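Each chain gets a letter, A, B and so on, in the order the sequences are listed, and its residues count up from 1. Model, not experiment: these values are computed from the prediction.
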Amino acid sequence: MSATCTRAYSLLCRFFPSMTRVRFAPSPTGDLHVGGGRTALFNWLFARKTGGTFILRIEDTDGARNTEDAKRGIEKGLRWLGLDWDEGPDAGGDCGPYFQSQRKDIYDTYLAKLEAADRVYTEDNGAVRFKFSRTAITVHDLVCGDVTFAPTEEPDMTVRRPDGSYIFHFVNVVDDIEMKMTHVFRGEDHLSNTWKHIDLFNAFGATPPIYAHIPLILNSDGSKMSKRDAGSAIEHSYINEGFLPDAVFNYLVMLGWTPRADKEVLGRDELVKLFDPAEIHSSNARFDLQKCQWFNAQYLRALSPEALFAAARPFIEAKGYVIADEATATAAVYSVKEKVSLLTEIPAWVHYFFREDYPFEADVTEKLKAKPENASLLRAAAAAFTTATEWTEASVQTAIEEAAKGAGVKPGALMPLLRGALSGQLRGPGVNTIGHLVGKDSTLRRIERALGLF
RNA sequence: GACCCCUUCGUCUAGCGGUUAGGACACAUCCCUUUCACGGAUGCGACACGAGUUCGAUUCUCGUAGGGGUCGCCA
């Protein structure tokens with residue numbers, strides 16, 4: 001960022017802290033793209049940081065492929081990420097309507113201004129073109145610094161189609177003027193076109209906003225990320241895959257900006273506090289699913305038992321498991337929280353808490369049958385459980401240890417057997433935790449059922 | 001093709017003329033441990049290349065290469 005820009009920016013923030021106005025202006029194409037989500041996120045961070053206004057404007061001038069469903073997809077993604085907008089659909093505001101499809105009169109008015117200034121001409125078929133100034137134009141960018149474009153040799157830019165509808169560059173600039181945007185955070189893919197926007201601002205006699213072009217998110221192989229790629233769509237890749245919004249928020253921020261902090265796991269409030277647009281990176285970043293999942297694991301583990309259960313519940317029920325007792329289910333889910341990094345992984349770790357006919361995995365059957373005396377060890381454990389007078393994690397533990405002692409083996413020899421019998425698998429929370437949570441009766445039934453394998 | 005942006009471990013990055021080039025994810029080994037994990041410790045691993053400027057370049061300048069982007073009556 002240039003010194004002039006830095007100064008202008010800090011002055012603006014110091015004296016007019018709540019005058020900043022930024023917007024996210026997506027074309028409603030369905031599921032929110034991560035790149036778009038992150039663009040929205042930086043706009044939101046800046047608005048919250050400066051006490052300004054975050055506006056959502058739907059650029060739906062291409063009526064053919066902009067459906068109501070598509071619009072809802074965008075809004076769902078934004079809401080899920082926690083990016084609330086102060087003006088826009090459902091929020092209202094003084095600069096509406098916030099759908100470009102409803103702003104034709106405004107565009108007509110602005111086109112008239114260009115006509116009056118002799119900056120447009122109509123072609124034979126009715127299309128209207130804007131006469132470029134064909135002077136050198138410098139973009140003062142918060143991220144990229146000053147970028148100067150030589151006088152263009154491109155043909156004049158079409159701003160209105162023969163059918164009367166308007167082109168992106170035109171409506172985008174008109175709306176940014178009308179909606180009084182002070183800053184524009186957008187993808188770097190727009191940098192090369194920004195001189196056209198500035199040319200338009202100048203033609204309207206308006207002051208361009210301060211631009212900040214943020215780097216793009218690439219696939220792990222460095223190619224451009226598009227719809228079908230892993231991690232590309234908020235609902236499909238994150239909501240449905242068991243990510244937590246805060247984790248995705250945190251990861252996405254880190255992909256374009258490194259906060260000055262001694263840790264990476266930072267909450268929204270901390271990120272807002274630390275955010276400095278001048279520190280946004282200038283190079284593209286590759287998407288790393290493993291790192292994103294690591295963030296998710298961190299946030300998962302920080303959840304309270306109740307919050308974790310609430311988040312996991314839909315994923316458990318989607319597998320068809322019936323939750324009869326919420327308190328037990330909550331404890332069951334909490335007992336495996338540090339074994340997973342995605343909510344979608346939880347059902348496979350807790351399914352046996354919700355049914356008695358859980359399958360015995362192959363290695364369990366193998367383990368149990370490996371030694372003939374395993375059956376008697378299980379019977380010894382059952383006997384110890386039967387005589388237990390109380391049923392807590394501690395008492396279950398004690399019963400197991402006593403059964404092992406009585407049978408002349410170490411608890412470690414009995415544990416895997418019991419684990420396999422009670423859960424059908426060789427991994428999971430402590431055996432005493434499983435026994436305690438499923439209850440005494442079920443514990444005995446489960447051992448009996450496992451005995452049937454011999 | 002023209003123009004624009006970018007270039008530190010595999011990935012995300014710190015660094016802002018002198019550092020044993022630091023951290024995180026991933027990976028490997030060890031410790032902990034009834035399993036799976038968590039956690040802890042250690043290790044592996046980078047300044048794209050070539051010229052300058054300088055006593056000294058990862059850091060500044062130029063070039064080359066590579067990656068990305070833009071050049072629509074898409075947004």
Rounding to a whole Å, what distance do you find between E154(A):CD and rG1(B):C1'? 13 Å

So what does K263(A) touch, heavy atoms closer than 4.0 Å: a base, only the sugar-phosphate, or nothing? nothing

What distance, rounded to whole Å, do you find between the two C1' atoms, one in rU70(B) and one in rA75(B)? 14 Å

Looking only at side-chain atoms of N125(A), point me to the closest of rC73(B), rA14(B), rA75(B). rC73(B)

Separation of the P atoms in rC4(B) and rA14(B), to the nearest angstrom: 25 Å

Gap between atoms CE and C1', on M157(A) and rC74(B) respectively (whole Å): 14 Å

Near-strand residues of residues 159-166 of chain A, defined as heavy-atom separation under 4.0 angstrom from RNA chain B: R161(A), P162(A)

Carboxylate-amine/guanidinium proximity below 4.0 Å for E87(A) and R21(A): yes

Determine the Euclidean distance between corresponding C1' atoms of rU19(B) and rU29(B); express it in Å to zero decimal places. 28 Å

For atom CG of D189(A) and atom P of rC71(B), their distance in whole Å: 9 Å

Quick one: label R260(A) by what it contacts on the DNA or RNA (base, sugar-phosphate, nothing), any heavy atom closer than 4.0 Å. sugar-phosphate

Look through every strand shown and name the nucleotide pairing with rU19(B) as Watson-Crick or G-U wobble, where both distances are under 3.5 Å. none

With rounding to whole Å, what would you report as the distance between rG22(B) and rG69(B) at their P atoms? 33 Å

Provide the Watson-Crick or G-U wobble partner of rA24(B), both distances under 3.5 Å; none if there is no partner. rU11(B)

Electrostatic pair E361(A):K367(A) at N-O distance under 4.0 angstrom: no

Along RNA chain B (nearest heavy atom to each residue), the more 5'-positioned of P26(A) and S223(A): S223(A)

In the structure shown, which nucleotide is the Watson-Crick or G-U wobble counterpart of rG39(B), with both distances under 3.5 Å? rC31(B)

Please name all residues satisfying side chain to side chain contact (heavy atoms under 4.5 Å, CB included) with L453(A), sequence neighbours left out, ordered by chain then number. F360(A), L368(A)

Whole-Å distance between rU13(B) C1' and E279(A) CD? 13 Å

By nearest-heavy-atom nucleotide on RNA chain B, the more 5' of L255(A) and E123(A) is L255(A)

Distance check, C1' atoms only: rG66(B) and rC49(B), in whole angstrom units. 10 Å

Every protein N/O lying under 3.5 Å from an N/O of nucleotides 4-6 of chain B:
| residue | atom | partner | partner atom | Å |
| --- | --- | --- | --- | --- |
| rC5(B) | O2' | E188(A) | OE1 | 3.4 |

E154(A): what forms a salt bridge (charged side-chain N to carboxylate O under 4.0 Å, His left out) with it, not counting sequence neighbours? K196(A)

Is E115(A) paired with K113(A) through a side-chain N to carboxylate O contact shorter than 4.0 Å? no

Rounded to whole Å, CZ of F24(A) lies from C1' of rA75(B) at a distance of 11 Å

List the steps, then state whether side-chain contact (heavy atoms from CB on, under 4.5 Å) holds for Y98(A) with I58(A). CA-CA 6 Å; Y98(A) 293 90; I58(A) 306 294; over 6 Å; no

Report the base-pairing partner of rG52(B) (Watson-Crick or G-U wobble, both distances below 3.5 angstrom), or none. rC60(B)

Please determine if K273(A) and D269(A) form a salt bridge, counting it only when a charged side-chain N lies under 4.0 Å from a carboxylate O. no

Checking N374(A) against R379(A): is there a side-chain donor and acceptor pair closer than 3.5 Å? no

Look up atom CZ in F130(A) and atom NE2 in H169(A), then write down how far apart they are to the nearest 0.5 Å. 12.0 Å

Side chains of S165(A) and R161(A) only: does a donor on one sit below 3.5 Å from an acceptor on the other? yes

Kindly write out the residues that satisfy salt bridge (charged side-chain N to carboxylate O under 4.0 Å, His left out) with R103(A), not counting sequence neighbours, or none if the list is empty. D175(A)

Where the side chain of K196(A) is concerned, which of rG68(B), rC71(B), rC73(B) is the nearest nucleotide? rC71(B)

To the nearest Å, give me how far apart CG (D175(A)) and C1' (rA75(B)) are. 13 Å

Should rC38(B) be called syn or anti, with syn set as within 90° of 0? syn

If I take atom NE2 in residue H33(A) and atom C1' in nucleotide rA75(B), what distance separates them, rounded to the nearest angstrom? 14 Å

Residues K49(A) and D276(A) bridged, charged N to O under 4.0 Å: no

Grab the CG-P distance between D221(A) and rU11(B) for me, whole Å please. 11 Å

Verify the ring-centre separation between F353(A) and H351(A): is it less than 6.0 angstrom? no

Spell out protein contact along nucleotides 19-38 of chain B as letters: B when the base is contacted, S when just the sugar-phosphate is, - when no protein heavy atom is under 4.0 Å; keep the 5' to 3' order. -----BSS-------BBBSS

Tell me whether D60(A) is salt-bridged to K71(A), with the criterion being a basic N under 4.0 Å from an acidic carboxylate O. no

Presence of H281(A) side-chain N/O under 4.0 Å of rA14(B) phosphate oxygens OP1/OP2: yes

Need the pair for rC71(B). Rule: Watson-Crick or G-U wobble, both distances under 3.5 Å, any strand; none if unpaired. rG1(B)

